[in-house]
Undergrad: 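The following block contains the structure, expressed as structure tokens.
Per chain, numbering begins at 1; letters A, B, ... match sequence-line order. Keep in mind that what you see is a predicted model, and the values were worked out from it rather than measured.
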Number of protein chains: 2
Amino acid sequence: MSKPKQVTIVEVAKAAGVSIATVSNVLNRGGIRSSKETIRKVELAAEALGYRRNTMAAGLSRNKTYEIGLIVPGLTSYYGQLAEHLQIEAHQAGYHLSVFSSGGFDPDIERRNLEVLLQRRVDGLICHGLAMGIESTRSIVNSGTPLVLINGWNWPEDISIGSVNLGFAEASKQSCRVLADRGCEAIYYIGSKRSKAIDEQRRIGIEHGIQQYASHLFHEIIDFHGMDVEATLQALLARHTKPIGVIAFDDHIAFRLLSGANKLDIRIPDQLRIIGINNDYIAQQSYPGISSWDIPYTYQARMAIHKLLAKFGNQPIEDMEVREIEVPLTFIERETTHS
Amino acid sequence: MSKPKQVTIVEVAKAAGVSIATVSNVLNRGGIRSSKETIRKVELAAEALGYRRNTMAAGLSRNKTYEIGLIVPGLTSYYGQLAEHLQIEAHQAGYHLSVFSSGGFDPDIERRNLEVLLQRRVDGLICHGLAMGIESTRSIVNSGTPLVLINGWNWPEDISIGSVNLGFAEASKQSCRVLADRGCEAIYYIGSKRSKAIDEQRRIGIEHGIQQYASHLFHEIIDFHGMDVEATLQALLARHTKPIGVIAFDDHIAFRLLSGANKLDIRIPDQLRIIGINNDYIAQQSYPGISSWDIPYTYQARMAIHKLLAKFGNQPIEDMEVREIEVPLTFIERETTHS
DNA sequence: CTGTTAGCGCCTTCAC
DNA sequence: GTGAAGGCGCTAACAG
């Protein structure tokens, strides 16, 4: 069952008593002006017939789609927010953003989504991280479609035209400082190896932070995956007499730790201090509130879109000189680090 | 700056030494068989040249896009999950799903998204609720594009071909029962008028629940918007001696209540019992864990896609007889109702 | 089985 | 300022 036939410019032209070229001119606000009279006639006819321009035909004929594709690993918390903000920014720039999730970090789904987007001939691509390997990505993306990465550290220049990265390393580093300042006796980082590149940034920051602010303190890196929250908390606490500081991979993990601590009647922040990342709803609304790092979504989204537009040639070229933009996070202190 | 020219079937045909029709047959048309030999030649040539079919041209020519548009009010928690599952189901059916968020329940953004999708000539539309009014929706959607609603109760038949609704009313009703069974002295529903239709379903359920299971209990409906959580909790508790039961609009609100209660040292479930809806991460991981209703995302997504496919004529028609499918939720009991 | 030939709906020169 | 004509890349008959 195919779709009912839709109104085309041919019919609008007929109804308005002009040629299809004129209709096209009037409707697309092109550089070409028409007489007030024709404009009115055409708009009236279009309105009356319920004309709706066919994007495929337009795109095909002018070799430009005004569509940007977004691939993110999921649509929860951070990624969902990011997608929403990107959609808004894209729209303001006259583009529209099609969102695709690659279900976790599944390279196959990612490849498929990429393929779909390229077949649609999107004008540009925004990807968060990238689960596929470098070679694999290169072979697909080297079609000339501009690609900007979000939180994609160290990708070769022939693949991406640059990236917009959150300052996780710096945030993690400063987290160490906060915990040291607050008198913690030890600093633990609970990471998530699953999210490779992102976890790595945290580690880099932690390493620097320890070195610079807490070299005298005990410290350790633990992976959250497969960890028994309660047992771990008890074990860690048993080792120390003064409060210990924990930097969590993100607010979700911080929250798990918090729940575990509540259950075990561990006093916060007397015995345990926690810092998360993302400043999710969860961190804001829990009790005690979780100290966390806020993400400037709007700014990040705007930067990403601008980078793409610059590549399209619609924007001043200045931004292009900086390949990797670092977006700084803001520390929001709450009760898990502060009494 | 327009895109670099991409490879077309013309070039593939030339390279393979066959006609463009043959290339088209081999590459994208299953129905027509070709000799092993030509197939090999064509596939080789396509591969070598890096051919990628142009979706716009294909769609234009066959008047079918294999694209489904999704419009949801946001991409967080429930909506994000839903979108992901719909994407998976759509893919399994050979379609792809473009996700759009209408930022909260903004009718203007919704209208714009709808317009974009219709201009793309999507084969079908899935919308969650619908912020626009009936008339407004009708005038846009009466283009012949099939529309299935998710959680859209009572929309006229000429607009949607049916809807897939979560059984919020029944869940709310049963929540009353649970709270009554657990010996609560009063039942409060903390709703969210902002989410009109959804809140209304909860209310309907609550009303029935009270009537059937708790007519002897004190009960009241409160709107969360603008409410002072701690003050309210104290006021409510002051009224009663036995535990009170609270049904929250969703897990987010349940969580806020829980945090407030923790802060005020209100004992759970001794003094206060809470039931949420959605079974979010937040409900699963908080302490005490929040009793909640689990949503069968996969089932709901599958039903929605099937309804659409049926309309396309690819599927048996049987499902179509039921206009509104109700998807039942499952109660997950945790510590907020149970000691 | 393969090739020829029309479109699909729109945009874009280029004459008028 | 307006119209005629030639594509854009692909598919769908229909011949051969």
Undergrad: Please give me every residue in residues 111-120 of chain B whose heavy atoms get under 4.0 Å of an atom in DNA chain C, ordered by residue number.
TA: none
Undergrad: Five pairs per end, C1' atoms only: what is the angle between the end axes of the helix from C:dC1-D:dG16 to C:dC16-D:dG1, to 10 degrees?
TA: 30°
Undergrad: Counting side-chain heavy atoms from C-beta on, which of C:dT2, C:dC10, D:dT2 comes nearest to A:Ser34?
TA: D:dT2
Undergrad: Is the distance from OP1 or OP2 of C:dC1 to the nearest side-chain N or O of B:Thr38 less than 4.0 Å?
TA: no
Undergrad: Does the gap between the ring centers of A:Tyr78 and A:His128 come in under 6.0 Å?
TA: yes
Undergrad: Please determine whether a side-chain nitrogen or oxygen atom of B:Asn28 lies at a distance below 4.0 Å from atom OP1 or OP2 of D:dT11.
TA: yes
Undergrad: Under 4.0 Å from OP1 or OP2 of D:dT11: is there any side-chain N or O of B:Arg53 that close?
TA: yes
Undergrad: What residues form a side chain to side chain donor-acceptor pair (under 3.5 Å) with B:Thr65, not counting sequence neighbours?
TA: B:Asp123
Undergrad: Is B:Ser35 near enough to C:dT2 that one of its side-chain N or O atoms lies under 4.0 angstrom from OP1 or OP2?
TA: yes
Undergrad: Check for a donor-acceptor pair, side chain of B:Ser160 on one end and backbone N or O of B:Gly162 on the other, with a separation under 3.5 Å.
TA: yes
Undergrad: Under 4.0 Å: is that the gap between some side-chain N or O of B:Ser24 and OP1 or OP2 of D:dA12?
TA: no
Undergrad: Would you please name every residue forming a side chain to side chain donor-acceptor pair (under 3.5 Å) with A:Arg121, sequence neighbours left out?
TA: none
Undergrad: With the threshold set at under 4.0 Å for non-hydrogen atoms, list the residues of residues 5-22 of chain B touching DNA chain D in residue-number order.
TA: B:Lys5, B:Thr8, B:Ile9, B:Ile20, B:Ala21
Undergrad: Just list the side-chain donor-acceptor pairs under 3.5 Å for residues 13-21 of chain A, sequence neighbours left out, or say none.
TA:
{"unit_1": "A:Ser19", "atom_1": "OG", "unit_2": "A:Ala21", "atom_2": "N", "d": "3.4"}
{"unit_1": "A:Ser19", "atom_1": "OG", "unit_2": "A:Thr22", "atom_2": "N", "d": "3.4"}
{"unit_1": "A:Ser19", "atom_1": "OG", "unit_2": "A:Thr22", "atom_2": "OG1", "d": "3.3"}

